Amino acid sequence: MQSLQQVAALRALVAEWRGQNLSVGLVPTMGSLHDGHRSLVKAAKARFDRVIVTIFVNPTQFSPGEDFDDYPRVIAADKAMLVEDGADAVFLPTIDDLYPRGVERTTLITISDLTNELCGAHRDGHFDGAMTAVNKLLNITRPDAVFLGEKDFQQLFMMKQMVSELMMSVEVIGVPTYREDDGLAMSSRNKYLTETERDKAKALFETLSEIEQALKNGSNEFSQLEQQGLRKLQELGFIPDYIEVRRQRDMLGAQAADKELVVLGAAKLGKTRLIDNIQLSR
Ligand code: AMP
């Protein structure tokens, strides 16, 4: 596995591969890799000749007061996993490499409607930062496909929107959420949980699963289900940001006639912000 930091070096490597007619998949991450990330790498390896994994804790997607400084950075362990999983290159740019004029003065990508909804309503500037960083990585690597986790459903949806609306020629491939045995979605931030919190954390998935079940049983009481879910989490000591039922196709609020739905939730448990979602058909 090649390890690269410079934008020019990565471009040259991709050009070399393209000269050999090799296909390329991209897996963008912020590192502190777990089995969820690894399932993305494996999915990319299964479909493409070469796989690039990027590790970049992107400052523009953290709001003021969030965990940018504390975010776990364990590059040596990450690299060992990537070698095991057969990644061909890891790209580890610095902030200056990706934001040459600085993070305060940069071109940003905004998806006008969704940027301030759901997670965007609670994380100022988060999606503009995430869209911008992935856009940069796509422009550097020009892959055939980019692999993203369904765990970040809104991000995945917005990334598909960006690629379509900016007429970019890359396939966006979503990979199912990888979970712990008790249902908790794997996340680099789970490292922040205390032992007691870790035990409680499964309640987010359980709450979303209960709503999923009610929807599958035919309930259209979306608002009532959302309120019940919020109350349950509050009683357990979470500070919920939102629980919402939306439709998969356009992420607008669910209507009674909708069959393909997604239940999304985000809540803080102590200092850890957890998010999850369940897609369902009925
Ligand atoms: P992150 O490092 O948290 O920015 O995540 C990098 C990529 O991995 C994103 O596309 C995430 O959606 C994806 N990802 C994170 N956790 C999981 C998980 N538990 N299952 C599947 N994909 C995940």
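All figures in this text were calculated on a predicted structure; none of them were measured in a lab. Side-chain atoms are counted along with the backbone in the values below, which use heavy atoms only and exclude waters and symmetry mates. In listed order, ligands and their atoms are each counted from 1.
Under a 4.0 Å N-O distance rule, the pair Glu16/Arg50 does not qualify as a salt bridge. For the pair Glu235 and Arg231, the salt-bridge criterion is not met [side-chain N within less than 4.0 Å of a carboxylate O]. Taking 4.0 Å as the cut-off between side-chain N and carboxylate O, Glu66 and Arg273 do not count as a salt-bridged pair. Taking 4.0 Å as the cut-off between side-chain N and carboxylate O, Arg38 and Glu84 count as a salt-bridged pair.
When each atom of ligand 1 is checked for a heavy atom of Pro176 under 4.0 Å away, the hits are 20 (N), 21 (C). Atoms of ligand 1 found under 4.0 Å from any heavy atom of Leu148, numbered from 1 in the order shown, are 10 (O). Near Pro28, meaning under 4.0 Å from one of its heavy atoms, ligand 1 places the atoms 6 (C), 7 (C). Every atom of ligand 1 with a heavy atom of Thr177 under 4.0 Å away is listed here by number and element: 20 (N), 21 (C).
Given atom 20 (N) of ligand 1, the protein heavy atom at minimum distance is Tyr178 N, 2.9 Å. Counting protein heavy atoms only, atom 12 (O) of ligand 1 is closest to Asp152 OD2, 2.6 Å. Counting only heavy atoms of the protein, atom 10 (O) of ligand 1 lies nearest to Gly149 N, 2.9 Å.
A donor-acceptor pair under 3.5 Å is formed between the side chain of Gln248 and the backbone N or O of Leu261.
The aromatic rings of Phe157 and Phe153 sit parallel, their planes meeting at an angle under 30°, below the 60° perpendicular limit.
Where the criterion is an N or O separation shorter than 3.5 Å, residue side chain and backbone included, Ser188 fails it with respect to ligand 1. The shortest N or O to N or O distance between Glu150 and ligand 1 is not below 3.5 Å. Residue Met186 has at least one nitrogen or oxygen atom sitting less than 3.5 Å from a nitrogen or oxygen atom of ligand 1, judged on distance alone. For ligand 1, the polar-atom distance check finds no N/O of Thr29 at less than 3.5 Å from any of the ligand's N/O atoms. Considering both main-chain and side-chain atoms, Ala185 never comes within under 3.5 Å of ligand 1 through any nitrogen or oxygen pair.
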Would you give me the side-chain donor-acceptor pairs under 3.5 Å for residues 162-171, sequence neighbours excluded?
unit_1, atom_1, unit_2, atom_2, d
Glu165, OE2, Gln161, NE2, 2.8
Glu171, OE1, Arg47, NH2, 3.1

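With 3.5 Å as the limit, one finds no donor-acceptor pair spanning the side chains of Tyr71 and Asn58. For the residue pair Asp70 / Tyr192, no side-chain donor-acceptor distance below 3.5 Å is found, with atom types taken as modelled.
Ranked by closest heavy atom to atom 8 (O) of ligand 1, the top entry among Arg38, His37, Met30 is His37.
By the criterion of a heavy-atom distance under 4.0 Å, neither the backbone nor the side chain of Leu156 is placed next to ligand 1. Looking at His34 against ligand 1, only its side chain comes within 4.0 Å, counting heavy atoms.
The side-chain hydrogen bond (donor to acceptor under 3.5 Å, both in side chains) test with Ser32 is passed by exactly one of Lys191, His37, Arg73: Lys191.
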